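Read through the structure below, which is laid out as structure tokens, and then see the notes.
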Amino acid sequence: SDLDMDVGGLTGASNRAPNTSARSAQRGAVAIEFALMLPLLFVVFYASVSYGAVFMLNQSLTHAVEEGARAGVRADTPAVLDQVIEERVGKSLAWLPTSTREAVTVTVGSPDSEGWLNVRVELPSSVLPFAPLKLPGYGTVPRLPDNLRAEADMVLPPRLGSSMPQ
């Protein structure tokens with residue numbers, strides 16, 4: 001008979017309309033699973049992006065302080081040393097939003113007896129251009145120190161007051 005003919009692995013007798021109630025129940029289960037997993041996926045995504053931004057910002061601070069120390073070695077006189085370092089750090093961080101850039105502090109230490117000078121750049125975590133996410137039972141994402149900090153040491157050349165030979 002025509003109904004018993006095998007078409008694509010199915011017999012004619014089984015070519016009835018699919019059970020729609022079973023499919024709609026499956027769709028409902030998938031929607032519930034997605035609704036339960038979406039917050040977790042969002043937290044993982046947000047943490048990845050925000051930690052990546054913090055790492056990039058910390059690397060930028062490190063680069064800026066190193067550039068400031070290099071510029072300080074090339075300064076003409078001790079009187080302009082701090083100014084040269086601060087200007088170079090500012091140029092290296094020019095890409096930051098103004099409110100964040102204004103919160104950066106540059107500290108140029110006093111040279112020690114061997115001519116070593118410490119340069120430090122700090123940025124309070126409270127001015128970062130993204131909001132931390134507060135999760136119940138876990139805390140803040142990302143967890144950050146109060147200040148992001150980078151340091152570089154340099155040896156002053158004799159023209160800037162070092163007793164070290166060049």
Side-chain angles (χ1 to χ4, degrees), residues 27-166:
R27 284 188 194 140
V30 169
I32 291 171
E33 290 171 0
F34 179 74
L36 290 173
M37 292 305 295
L38 184 63
L40 178 64
L41 292 173
F42 175 75
V43 168
V44 169
F45 175 75
Y46 188 83
S48 299
V49 170
S50 57
Y51 275 115
V54 170
F55 291 141
M56 181 189 70
L57 188 55
N58 201 35
Q59 185 61 31
S60 295
L61 291 176
T62 301
H63 176 73
V65 76
E66 289 171 352
E67 287 294 312
R70 281 189 200 100
V73 169
R74 293 186 306 265
D76 295 330
T77 64
V80 297
L81 181 65
D82 291 6
Q83 178 185 355
V84 167
I85 291 172
E86 289 177 13
E87 284 177 3
R88 187 62 203 139
V89 168
K91 286 180 182 176
S92 293
L93 297 176
W95 64 273
L96 289 173
T98 305
S99 59
T100 306
R101 192 173 52 245
E102 290 173 351
V104 172
T105 57
V106 179
T107 307
V108 180
S110 300
D112 65 11
S113 61
E114 296 179 357
W116 284 93
L117 182 73
N118 180 269
V119 181
R120 175 185 290 181
V121 175
E122 288 185 325
L123 177 66
S125 297
S126 60
V127 299
L128 294 179
F130 57 87
L133 187 62
K134 296 187 185 207
L135 299 175
Y138 183 76
T140 305
V141 173
R143 293 183 182 180
L144 299 173
D146 293 335
N147 293 312
L148 297 179
R149 178 179 309 144
E151 293 186 39
D153 293 319
M154 59 184 259
V155 177
L156 293 174
R159 72 178 187 285
L160 296 177
S162 172
S163 59
M164 299 277 296
Q166 240 181 350

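These numbers were taken from a predicted model, which means no experiment stands behind them. Residues take their numbers from the sequence shown, with the count starting at 1. Side-chain atoms are counted along with the backbone in the values below, which use heavy atoms only and exclude waters and symmetry mates.
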Sequence neighbours excluded - salt bridge (charged side-chain N to carboxylate O under 4.0 Å, His left out) pairs with any residue from residues 134-148: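 Qualifying pairs, neighbours excluded: none.
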Salt bridge (charged side-chain N to carboxylate O under 4.0 Å, His left out) pairs, two or more places apart, involving residues 62-81: Glu67-Arg70, Glu67-Arg88
Do [X] and [Y] have side-chain heavy atoms sitting under 4.5 Å apart?
X	Y	result
Leu156	Val73	no
Leu93	Leu61	yes
Val104	Val121	yes

Per-pair distances, 0.1 Å, donor-acceptor, side chain in residues 31-48, under 3.5 Å, sequence neighbours excluded:
{"unit_1": "Tyr46", "atom_1": "OH", "unit_2": "Ala131", "atom_2": "O", "d": "2.1"}
{"unit_1": "Ser48", "atom_1": "OG", "unit_2": "Val44", "atom_2": "O", "d": "2.9"}

With [X], which residues qualify under side chain to side chain contact (heavy atoms under 4.5 Å, CB included), at least two apart?
X	value
Ala53	Phe130
Thr98	Arg101, Glu102
Ser126	Pro124

How long is the span from the [atom1] atom in [X] to the [atom2] atom in [Y], to the nearest 0.5 Å?
X	Y	atom1	atom2	value
Leu133	Thr140	CG	OG1	8.5 Å
Leu144	Ser50	CG	OG	8.0 Å
Leu117	Ile85	CG	CD1	5.5 Å
Thr105	Leu123	OG1	CG	8.0 Å

More than 12 heavy atoms of other groups within 6.0 Å of Tyr51 OH: yes
For residues 148-155, please give each side-chain donor-acceptor pair under 3.5 Å, one per line with the distance, not counting sequence neighbours.
{"unit_1": "Arg149", "atom_1": "NE", "unit_2": "Glu122", "atom_2": "OE2", "d": "2.6"}
{"unit_1": "Arg149", "atom_1": "NH2", "unit_2": "Glu122", "atom_2": "OE2", "d": "3.0"}
{"unit_1": "Glu151", "atom_1": "OE1", "unit_2": "Asn118", "atom_2": "ND2", "d": "3.0"}
{"unit_1": "Glu151", "atom_1": "OE2", "unit_2": "Arg120", "atom_2": "NE", "d": "3.4"}
{"unit_1": "Glu151", "atom_1": "OE2", "unit_2": "Arg120", "atom_2": "NH2", "d": "3.1"}
{"unit_1": "Asp153", "atom_1": "OD1", "unit_2": "Asn118", "atom_2": "ND2", "d": "2.7"}

Least distance between heavy atoms, [X] atom then [Y] atom:
X	Y	result
Gly72	Leu81	O-CD1, 3.2 Å
Tyr138	Val141	CE2-CG2, 3.6 Å
Val127	Thr100	O-OG1, 3.3 Å
Val54	Pro142	CG2-CG, 4.4 Å
Val89	Gly68	CG2-CA, 4.0 Å

Donor-acceptor under 3.5 Å (Ser125 side chain, Pro145 main chain):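 It does hold such a pair.
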